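Structure first, commentary second.
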Amino acid sequence: MEPSKAPKAFLKPYNPNEQEPRMLEAWEKSGYANPDKMIEDGLTAPDAPSYSIVLPPPNVTGTLHMGHAAMLAIEDILIRYHRMRGYKTLWVPGTDSAAIATQSKVETDIYKAEKKTRHDLGREELMKRIDAFVEESKATIINQTKKMGSSLDWSRYAYTMDEKRYRAVMEAFVRMHDAGLIYRGNRIVNWDPKLQTTVSDDEIEYVEQKDAFYHFKYGPFDIGTVRPETKFGDKYVVMHPDDARYKEYTHGQQIDLEWINGPITATIIKDEAADMEFGSGVMTITPAHSGIDFEIAQRHKLDVERVIDDRGILLDIAGEFKGQHIKKARPLIVEKLRAKGLISKVDENYVHNVSTNSRGGGIIEPQIKLQWFIDVNKAVQFPDGKTQTLKERMREAISSGNTKIMPERFEKIYYHWIENLRDWCISRQIWFGHRIPAWFKDGEVRVSVTSPGEGWEQDPDTLDTWFSSGLWTFSTLGWPEDTDDLKTYHPTSVLETGYDILFFWVARMVLMAGFLRGEVPFKNVYLHGLVRDGQGRKMSKSLGNIIDPLTMIEKYGADATRLSLIIGASPGNDLKLSEDRVRGYKHFANKLWNITRFVLENPHGGEVKLNAGDQKLVDEVVEIAKQVSAHIDAFRLDLAADQIYHFVWDRFAAEILEESKPIFRAGGDPSNSSGQAAAASRAHALSSILTSSLKLLHPFMPFVTEAIWQQLPKKESDLLMVAKWPV
RNA sequence: GGGCGGUUAGCUCAGUUGGUAGAGCAAUCGCUUUACACGCGAAAGGUCACAGGUUCGAGUCCUGUACCGCCCACCA
């Protein structure tokens, strides 16, 4: 038997664990993730169009999960593809401080280990502990991100709390304040009694709960509630002005009646907020602890009195129940009402929604508080000269087509969200985060990046984490300075993220970029689905169904892990991932490895004119390349990957290679000159098809393709990463 | 209460402007065929959730129903 002409490496199956670290090193050493270096080395034209993505920064608290892995795979494909196509391509990495999540995590850890709360430690000490924790977690997540093969430009790495980003946040706040978009006011907010902070509307999660629904006799009326503990201050009875049942009562009329702690005087209020269909059509209101009640009270200039304090304790107004926690007081209050004969009916199993803080907090208690808000309904002038409200701006970004959302159906959801949007409460009472640049002295308030001078105390509150996240596309590029990066790479080409943070993040970036830059933050939004387990369940620790990307990388390689997250994952739809899928794609990497071996064992010598049949084969790949490109351009990475996968396996390996065997056999006969010519032509064709296939696959499976490229005797560039896309 | 998505082979999913159904994995049978057993070949497997409608023709368009999932909503 003839000795193999292929490099020795190919005598063994493809081993990702051996190759991947080498490829990572080669890429990193090249510096080609940085577009400046690409231009410097003449690999990208200085005047080439730019293509940029800013990585949605993973929380520093976590480790890499499959959702991150999917995100990295998708974005890396887009990035590598555009880099190979000659774009000035930039992918900016970063990490997010995730204010509430991080602080809770550290606080919990400290409490477990030392039985100390943040108040025991003090603000400064807690910050130190958090910083230490962040440093450690950061390294972990960065290292894991690299292992996926992400060709991020680490020289541009940003952290939401680093100096530059901090400055951008301060600047943004001051500018918005000066424009009148940020105001401080007493409004009803979502208060989390457990974490002792406000929470934004979007972070509320409604949880279904069963409670008793009580019907009380409130003078001549029947009123209902699941929260008897709020009723102490109820002295207004509201009914719809058109409700025929109560036409004898007039607005402002006063009625004396017996209530929880004795006789009170109630006032009739006619307001359309009362639903005639619900219960008796009559309700009493608690303006201090209910959004809708607060609005009614404001409309009619009614008294607003607090009943419950920040910790859920009843105040003076509760009389004998004062000082008790609402949870404990409720049954006692019910008991008293029953004793007084004021309960007319009880529905024991009433199902309703309670609002909870989705960030690991408690049950929300609406409270009226002096906080900072962003006014979404105030018309102001934008940098591009237009005068409009933030709501209008957010709507326009999409309706004008300046930003397109993929899949399109999410546009409707986005509009609907804007419809329901209220002023955004941006101040939080947690300690870890961007401090609000507001200063107090003798009842005076000033807003400025630095202290106005001696004796001014900075607002102790911090900003909602999404405030700083909203600046991310441009704060990472150097804003507020007018940098070259900003000019070249903003608006970014694509924002790629999970559909679950469409509101939190996407809408807020549109808002911020609109007001502070006068442009959209990105031209496209590509929303991927959630990665679930093989049965469609969310992956969670408690279910024990987590598939860890790093374990998969170790067992099957990063390429296989990437492909398993791409093929079969259509935009915006959840992906069910099982280990079998990952294994299947490892086999594919090996297949490619062996195809190469066969091709290299039949080398072609120098320039050969292809015969007509072989030319047709080569043209076939060009056609495939066009289709793959079209799919990627349409964000159908699943179809693109699927197509090239099948071409390589079913067409190239199964048919073309098999047909080549007899041709090479005939070419081995020295007396058969036409056979030799045919073999030479075929060898040349195979080599060309292999080269093109490697290029087409490279964005999807960067490691194995690069490892093979490194073994090719002749190649157009040292690294496949910077080779030219076939079409 | 409103909206969205899904329902195609045992499992996970494709199916782009309508033309008598495809892939991967699993399962069956057979292969030490000199690129690959992480492989090759063969065979098997679906009344495309259901009911109507449009059409020469529908998985693909329209109407409705059922089930699963998600999102939104200040019904006391």
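Per chain, numbering begins at 1; letters A, B, ... match sequence-line order. Treat the numbers as computed from the prediction; the structure is a model and nothing was measured.
Near RNA chain B, defined here as any heavy-atom distance below 4.0 Å, the residues from residues 200-228 of chain A are A:Tyr206, A:Gly224, listed numerically.
Scanning for side chain to side chain donor-acceptor pair (under 3.5 Å) contacts around A:Lys270 gives an empty result, with sequence neighbours left out. Legend: residues meeting side-chain contact (heavy atoms from CB on, under 4.5 Å) with A:Phe278, ordered by chain and number and at least two apart, are A:Phe213, A:Asp275, A:Tyr350.
Taking a pair to require two hydrogen-bonding distances under 3.5 Å in either a Watson-Crick or a G-U wobble arrangement, B:C61 pairs with B:G53. In this structure, B:A42 forms a base pair with B:U28, meeting either the Watson-Crick or the G-U wobble geometry with both donor-acceptor distances under 3.5 Å. With both pairing distances under 3.5 Å, B:A73 is matched to nothing as a Watson-Crick or G-U wobble pair. Shown here, B:U34 forms no base pair; nothing in the strands shown gives a Watson-Crick or G-U wobble contact with both key distances under 3.5 Å. Remark: B:A9 base-pairs with no nucleotide; criterion is Watson-Crick or G-U wobble with both hydrogen-bond distances under 3.5 Å.
Counting distance only, with no hydrogens placed and no angle test, the side-chain atoms of A:Glu658 and the base atoms of B:A35 include a donor-acceptor pair under 3.5 Å. In terms of polar N and O atoms assigned as donor or acceptor, the side chain of A:Lys591 never comes within less than 3.5 Å of the base of B:C38 in a complementary pairing.
With B:A35, B:C38, B:A23 as the candidates, the nucleotide lying closest to the side chain of A:Pro13 is B:C38. Which of B:G15, B:C4, B:C74 sits closest to the side chain of A:Lys412 comes down to B:C4. Taking every side-chain heavy atom of A:Asp275 into account, B:C75 is the closest of B:G5, B:A35, B:C75. Distance from the side chain of A:Arg636 is smallest to B:A14 among B:A35, B:A14, B:A76. Counting only heavy atoms from C-beta on, A:Ala274 has its side chain closest to B:A76 among B:A76, B:C38, B:A14.
Atom C1' of B:G18 sits at a distance of 8 Å from the matching atom of B:C61, rounded to the whole Å.
One finds a side-chain N or O of A:Trp649 lying less than 4.0 angstrom from the OP1 or OP2 phosphate oxygen of B:C40. Taking only side-chain nitrogens and oxygens, A:Lys661 never comes nearer than 4.0 Å to OP1 or OP2 of B:U33. The shortest distance between the side-chain N/O atoms of A:Tyr350 and the OP1/OP2 oxygens of B:A76 is below 4.0 Å.
Salt-bridge check for A:Arg422 with A:Asp201: passed, with a basic side-chain N closer than 4.0 Å to an acidic carboxylate O.
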